[in-house]
Amino acid sequence: MASSSYQAPRGTRDLYPENLAVIRHLERTASRLSRAFGYSEIRPPLFEETGLFLRSLGETSDVVSKEMFTVPRRGKANDASSSVTGYTFRPEGTAGVARAYVNGGFAQRAPLQKWFYVGPMFRYERPQKGRERQFTQFGIEAFGAASPTLDAEVVDLCMRFFEEIGFGDELEVRVNTMGDPSDRDRWCEALRQFFAPRVAARCSDCQERFERNVFRLLDCKNKACQDDNEGSPALSEVLGVDAQTHQTDFLKALQALGRKPVVDPTIVRGLDYYTRTVFEVHYPQLGARSALCGGGRYDGLVEEFGGPHTPAVGFAIGFTATELAMAELGLDESAAVQSIAAESIPVAYCVSITPDDRPHALALAGRLRTHLAAAVVCDHREKSPKAQFKEANKLGVRFVLVVGPDERAAGQVVVRDMQTRDETRVELLQIAAHLAAATEA
RNA sequence: GUGGACAUAGCUCAGUUGGUUAGAGCACCAGAUUGUGGUUCUGGGGGUCGGGGGUUCAAAUCCCCUUGUCCACCCCA
């Protein structure tokens, strides 16, 4: 189908100029909002030692067990003195950022760090609606504070992001707690004891989950399995006092911020590092892939990476699903997006009448570029004057500058305003000032 | 990894029970008397009908294989 025999790798897409305005809007909003909340940008590498992700995400997680883009280490592959077996393109941002936090010595010299990042992530998955092998995430990570008010502020920042993009009441924040590690261990044990005698009667997926991650038995969509969940031990039964207090204070703080979270016990994040607060933001109309954002607290991760015990909380927003939701709500054509698209429209097109005029039109464009903020272009395809006007119109250019034999003889240029169709003759030396003034008005 | 649908021009798609040089709209390029745009009119370029094999006098159309895409499951942003 394509004229080229090469195609973009499965699960990736080319972002052409015409599609980039929406993405830029998301990037700029992320950056502006993060700074407003006191977060600074961090850029860790796009790939890390494979072991980093094994350690942080958990070897049984789907991400690690079947979705990693990994390249083997070259040369010293058999070097037993090195623990590095290979490198993996980051499937998520938290692990790399936490590693950078430890390596930078922040835990000792300035424990409180609030960081954000925007960039590509990679997962070797079967692509489908809202899911790609290379996708972009905007994430924030706040280290060094254990207070539930920080959890609430993080959720607020997340919601503010969507509000700035133009979302309204369509979004839903769902929150839950995973407890502290000891709570989770107790809960896990209780669940295993509860389900061990009955797992054989459940669906094949659940048999898998029982071995891999018992928590997931709880959100199985199979009706029979849901019924079977009746009477299973709840985390709240084994939740420690500290984690419990954290959760109630977190909810209070959210209310103080005017947020109305839905407490949803089925939110059990798939990654090992979460503790206490977990949350997701959903756009329910999106169906299968309705989660736009996932996040939570991970108080043990920094320690896991060799740093001192450091509480931390963060989230990641996926642009792919966000773009889909935006398109559904018409937000991809918002004034903000259109104004970004307009940035790449040239302000002027220098038309040459005869072949002899071409070098002069080219030179005029060149001179104007140093004086004007917006782009100035001219023809390079030997088009007729009429065709040049057509192209200028197609580009949406505001002014056409006509360079012909008459104008050259007079040391002037005809400036045509494509909106009003007014034409005025302007001295060569005053064109930049003329255009600047006309653009202001 | 499992299942389903689809694959014709740059894009969106027609193509009747297999039958002559495969079409439309949009886009692109060029014209419609003298140096000027958005409408209209005329003309033009562009397709190994995803690829390979088979059935047939004849295949875009039927069969097999292959590659790719989309959708869903698992799981996740």
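Just so we're on the same page: letters track the sequence lines, and every chain starts at 1. Basis for what follows: all heavy atoms, side chains included, without hydrogens, waters or symmetry-related copies.
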Nucleotide opposite [N] in a Watson-Crick or G-U pair, distances under 3.5 Å:
| N | result |
| --- | --- |
| B:U20 | none |
| B:U61 | none |
| B:G38 | none |
| B:A27 | none |
| B:A72 | B:U2 |
| B:A14 | none |

Determine, using ring centers only, whether [Y] and [X] are less than 6.0 Å apart.
| X | Y | answer |
| --- | --- | --- |
| A:F162 | A:F167 | yes |
| A:F135 | A:F319 | no |
| A:F116 | A:Y39 | no |

Donor on one side chain, acceptor on other, [X] and [Y], under 3.5 Å:
| X | Y | value |
| --- | --- | --- |
| A:D356 | A:T354 | no |
| A:E407 | A:Q412 | no |
| A:T12 | A:E132 | no |
| A:Y298 | A:E304 | no |
| A:D180 | A:T275 | no |

Which of [range] have a heavy atom under 4.0 Å from RNA chain B?
| range | value |
| --- | --- |
| residues 340-366 of chain A | A:I353 |
| residues 412-430 of chain A | A:R416, A:M418, A:R421, A:E423 |
| residues 22-29 of chain A | none |
| residues 374-387 of chain A | A:R381, A:K383, A:K386 |

Q: Nearest-nucleotide wise, let me know which of A:Q137 and A:N393 is further upstream toward the 5' end of RNA chain B.
A: A:N393
Q) Quick one: on RNA chain B, does A:V403 or A:Y124 contact a more 5' nucleotide (nearest heavy atom)? A) A:Y124
(Q) Can you tell me if A:F319 is stacked onto the base of B:A77, using a 5.5 Å centroid cut-off and an angle below 30°? (A)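 Stacking is absent between B:A77 and A:F319, given that the ring centres and planes do not meet under 5.5 Å and under 30°.
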Q. Base, sugar-phosphate alone, or nothing: which one does A:E132 contact when heavy atoms must sit under 4.0 Å apart?
A. base
Q: Just call it for A:V400: base, sugar-phosphate, or nothing, with non-hydrogen atoms closer than 4.0 Å on any strand.
A: nothing
No-H, no-angle donor-acceptor pair, [X] side chain to [N] base, under 3.5 Å:
| X | N | value |
| --- | --- | --- |
| A:R126 | B:C74 | no |
| A:E125 | B:A77 | yes |
| A:R131 | B:A77 | no |

Q. Just how far, in rounded Å, is C1' of B:C76 from CZ of A:F135?
A. 8 Å
Q: Mind running side-chain contact (heavy atoms from CB on, under 4.5 Å) on A:S34 and A:W115 for me, showing each step along the way?
A: CA-CA 8 Å; A:S34 298; A:W115 292 341; over 6 Å; no
Q: To the nearest 0.5 Å, tell me how far A:H25 NE2 sits from A:M326 CE.
A: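 So the gap between those two atoms works out to 6.5 Å.
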(Q) Under the rule for side-chain hydrogen bond (donor to acceptor under 3.5 Å, both in side chains), what residues qualify as partners of A:R90, not counting sequence neighbours? (A) none
Q) Can you tell if the side chain of A:E164 reaches within under 4.5 Å of the side chain of A:R32, non-hydrogen atoms only? A) yes
Q.
When you measure from the side-chain N and O atoms of A:Q128 to the phosphate of B:A72, is any distance below 4.0 Å, counting only OP1 and OP2?
A. yes
Q: Output yes when at least one side-chain N/O atom of A:K390 is less than 4.0 Å from OP1 or OP2 of B:A30, else no.
A: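 A:K390 to B:A30 OP1/OP2: no side-chain N or O under 4.0 Å.
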Q. Between A:K129 and A:L324, does a side-chain contact (heavy atoms from CB on, under 4.5 Å) hold up when you go through it step by step?
A. CA-CA 9 Å; A:K129 194 181 181 78; A:L324 283 175; 4.0 Å; yes
Q.
Within 45 degrees of the ring normal and closer than 6.0 Å to the centroid, is that where the cationic atom of A:R133 sits relative to A:Y124?
A. yes
Can you give me every donor-acceptor pair (side chain of residues 332-339 of chain A, partner residue at least two apart or in another chain, under 3.5 Å) with its distance?
| unit_1 | atom_1 | unit_2 | atom_2 | d |
| --- | --- | --- | --- | --- |
| A:S334 | OG | A:L331 | O | 3.3 |
| A:S334 | OG | A:V337 | N | 3.3 |

